[in-house]
Amino acid sequence: MNSNYPIMLRLEGKKVVVVGGGKVAERKVAGLLGTGSLITVISPNATDELIKLASSGRIEWHEKSFSKEDVEDAFLIFAATNDNELNQSIKMAASDQQLVTIADDPEGSDFHVPSHIQRGRLSIAVSTGGASPTLARKIREQLEQQFDEGFDEYLEFLFSARQRVLKEVKDASIKRIILSAIASEEFLNSQYREADFLRLLQNTRNDV
């Protein structure tokens, strides 16, 4: 049975601690960049990329060994060292209210980081519950082909169109008709979707 609960977290302004300075930690940090989180790396050593990110101010690097105080005020904690005992001690140092993921112990982790694609406002996450990150990556690659870069513009259209429908259309059944129509493949592939939307909006008003 899969007891995981899928969720999208807003990390803006939240402190996230990554313990480890190798390639695994580097990948974790790369996934956090752009979230607005306050990223702190704890490790005596770090990859060239992590050092570069610290030098540019995008992350904070504490060039030291891990101690319990490092995670006291963390919102999320990544135990990403190559030492299993150290990773487990990081988990033990966290409070019950803190979420910890352990690089080499998916079953002992509070959360997993899914394989993820972003197309503007569209966000798709794929997880195998720690069973096979390789399979999750392959599925992500298939989805990347299905949902190409054109979805960025389409999602922006859907957002603005939906705001206008919610503001201007009072009839609930008409709202559903319009919102269903603009989410269709016809609108996705249309080169004139703005004009098509205005026409649809006008026609539904005339039908009322």
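Residue numbers start at 1 and run along the sequence shown. Since the model is a prediction, treat every value here as computed from it, not as a measurement.
With respect to Lys64 and Asp70, a salt bridge is recorded, a charged nitrogen being found less than 4.0 Å from a carboxylate O. Checked for salt-bridge contact, Asp110 and Lys91 meet the test: a charged N lies under 4.0 Å from a carboxylate O. The pair Lys15-Asp73 meets the salt-bridge criterion, since a charged nitrogen lies less than 4.0 angstrom from a carboxylate oxygen. Between Lys68 and Glu72, none of the side-chain N atoms (NZ, or NE/NH1/NH2) sits under 4.0 Å from a carboxylate O, so this pair counts as no salt bridge.
Side-chain N or O atoms of Ser190 include none that pairs as donor or acceptor with a backbone N or O of Phe187 at under 3.5 Å. Within the 3.5 Å criterion, the main-chain N or O of Ser127 finds no donor-acceptor partner in the side chain of His112. Side-chain N or O atoms of Ser132 include one that pairs as donor or acceptor with a backbone N or O of Leu135 at under 3.5 Å. Put simply, the side chain of Ser109 gets close to the backbone of Asp105: a donor and an acceptor are under 3.5 Å apart. Judged by distance alone, with hydrogens and angles left aside, the side-chain atoms of Trp61 form no donor-acceptor pair with the main-chain N or O of Pro44 at under 3.5 Å. Side-chain atoms of Glu153 never come within 3.5 Å of backbone atoms of Gly150 as a donor-acceptor pair (strictly under, hydrogens ignored). Judged purely by atom type and a 3.5 angstrom limit, Ser160 uses its side chain to pair as donor or acceptor with the backbone of Phe157. Checked by atom type and distance alone, the side chain of Asn189 never pairs as donor or acceptor with a backbone atom of Glu186 at under 3.5 Å.
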Side-chain polar contacts of residues 27-38 - donor-acceptor pairs under 3.5 angstrom, sequence neighbours left out - could you list them?
residue: Thr35; atom: OG1; partner: Leu32; partner atom: O; Å: 2.7
residue: Thr35; atom: OG1; partner: Ser37; partner atom: N; Å: 3.3
residue: Thr35; atom: OG1; partner: Ser37; partner atom: OG; Å: 2.8

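When hydrophobic clusters are built by joining Ile, Leu, Val, Met, Phe, Trp and Tyr residues whose side-chain heavy atoms come closer than 4.5 Å, directly or via intermediates, Val24 is not grouped with Ile102. Side-chain heavy atoms closer than 4.5 Å link hydrophobic residues (I, L, V, M, F, W, Y) into clusters, and following such links, possibly through other members, connects Leu158 to Ile174. Under the 4.5 Å side-chain heavy-atom criterion for ILVMFWY residues, no single connected hydrophobic cluster contains both Leu155 and Leu166. Residues Val16 and Leu99 fall within the same hydrophobic cluster, defined by Ile, Leu, Val, Met, Phe, Trp and Tyr side chains chained together at heavy-atom separations under 4.5 Å.
Separating the CD1 atom in Ile117 from the CD atom in Gln146 is a distance of 8.5 Å, to the nearest 0.5 Å. One finds the CD1 atom of Ile177 at 13.0 Å from the CD1 atom of Ile182 (value rounded to the nearest 0.5 Å). Distance CD1/Ile139 to OG1/Thr134: 11.0 Å, rounded to 0.5 Å. Between Glu85 atom CD and Ile90 atom CD1 the span is 12.0 Å, to the nearest 0.5 Å. Atoms CD and CD1, from Glu168 and Ile178 in turn, are 9.5 Å apart once rounded to the nearest 0.5 Å.
For Ser173 and Asp171, the side-chain atoms include at least one donor-acceptor pair closer than 3.5 Å. If you check the side chains of Asp104 and Asn87, you find a donor sitting under 3.5 Å from an acceptor. Remark: the Thr47 side chain and the Glu26 side chain contain an N/O donor-acceptor pair separated by less than 3.5 Å. Looking only at atom types and distance, the side chain of Glu69 has a donor-acceptor partner in the side chain of Ser67 under 3.5 Å away.
Taking each heavy atom of Asp152 and Gly120 in turn, the nearest pair found is OD1-N, 3.2 Å. Smallest separation of non-hydrogen atoms from Ala80 and Ala103: CA-CB, 4.0 Å. Leu50 and Ala25 make their closest contact through CD1-CB, 4.4 Å (heavy atoms, listed as atom of the first residue, atom of the second, distance). Of all heavy-atom pairs between Leu76 and Leu11, the closest is CD1-CD2, 3.9 Å. In terms of heavy-atom proximity, Val17 sits nearest to Ala74 at CG2-CB, 3.7 Å. Across all non-hydrogen atoms, the minimal contact from Glu144 to Arg119 is O-NH2, 3.4 Å.
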Pair Ser184-Leu188, side-chain contact (heavy atoms from CB on, under 4.5 Å): steps then yes or no: CA-CA 6 Å; Ser184 67; Leu188 168 63; over 6 Å; no
Check against side-chain contact (heavy atoms from CB on, under 4.5 Å), Lys175 and Lys170: CA-CA 7 Å; Lys175 282 183 184 178; Lys170 304 304 179 185; 5.8 Å; no
side-chain contact (heavy atoms from CB on, under 4.5 Å) between Arg140 and Leu143, worked out: CA-CA 5 Å; Arg140 185 205 70 206; Leu143 290 170; 5.6 Å; no
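By the 6.0 Å and 45° rule, Arg193 does not stack over the aromatic ring of Tyr154.
The ring pair (Phe, Tyr, Trp, His ring centres under 6.0 Å) check on Phe147 picks up Phe151, with sequence neighbours excluded.
Using a 4.5 Å cut-off on side-chain heavy atoms (C-beta onward), Arg162 and Leu179 make contact. You'll find the side chain of Phe78 reaches within 4.5 Å of the side chain of Val113, heavy atoms only. Residues His116 and Gln118 have side chains in contact (heavy-atom distance under 4.5 Å, counting atoms from C-beta outward). Residues Phe75 and Gln98 form no side-chain contact, since every pair of their non-hydrogen atoms from C-beta on lies 4.5 Å or further apart. For the pair Val18 and Thr40, the minimum side-chain heavy-atom distance is 4.5 Å or more. Contact check for Thr81 versus Phe66: no side-chain heavy atoms found under the 4.5 Å cut-off. Proximity of Phe111 to Asn4: side-chain heavy atoms (C-beta onward) are nowhere separated by under 4.5 Å. You'll find the side chain of Thr101 stays beyond 4.5 Å of the side chain of Ile77, heavy atoms only.
Within 6.0 Å of atom CD in Gln163, more than 12 heavy atoms from other residues, nucleotides or ligands are found, so the atom counts as buried in its surroundings.
Under the 6.0 Å cut-off for aromatic ring centres, Phe197 and Tyr192 do not qualify, their centroids lying 6.0 Å or more apart.
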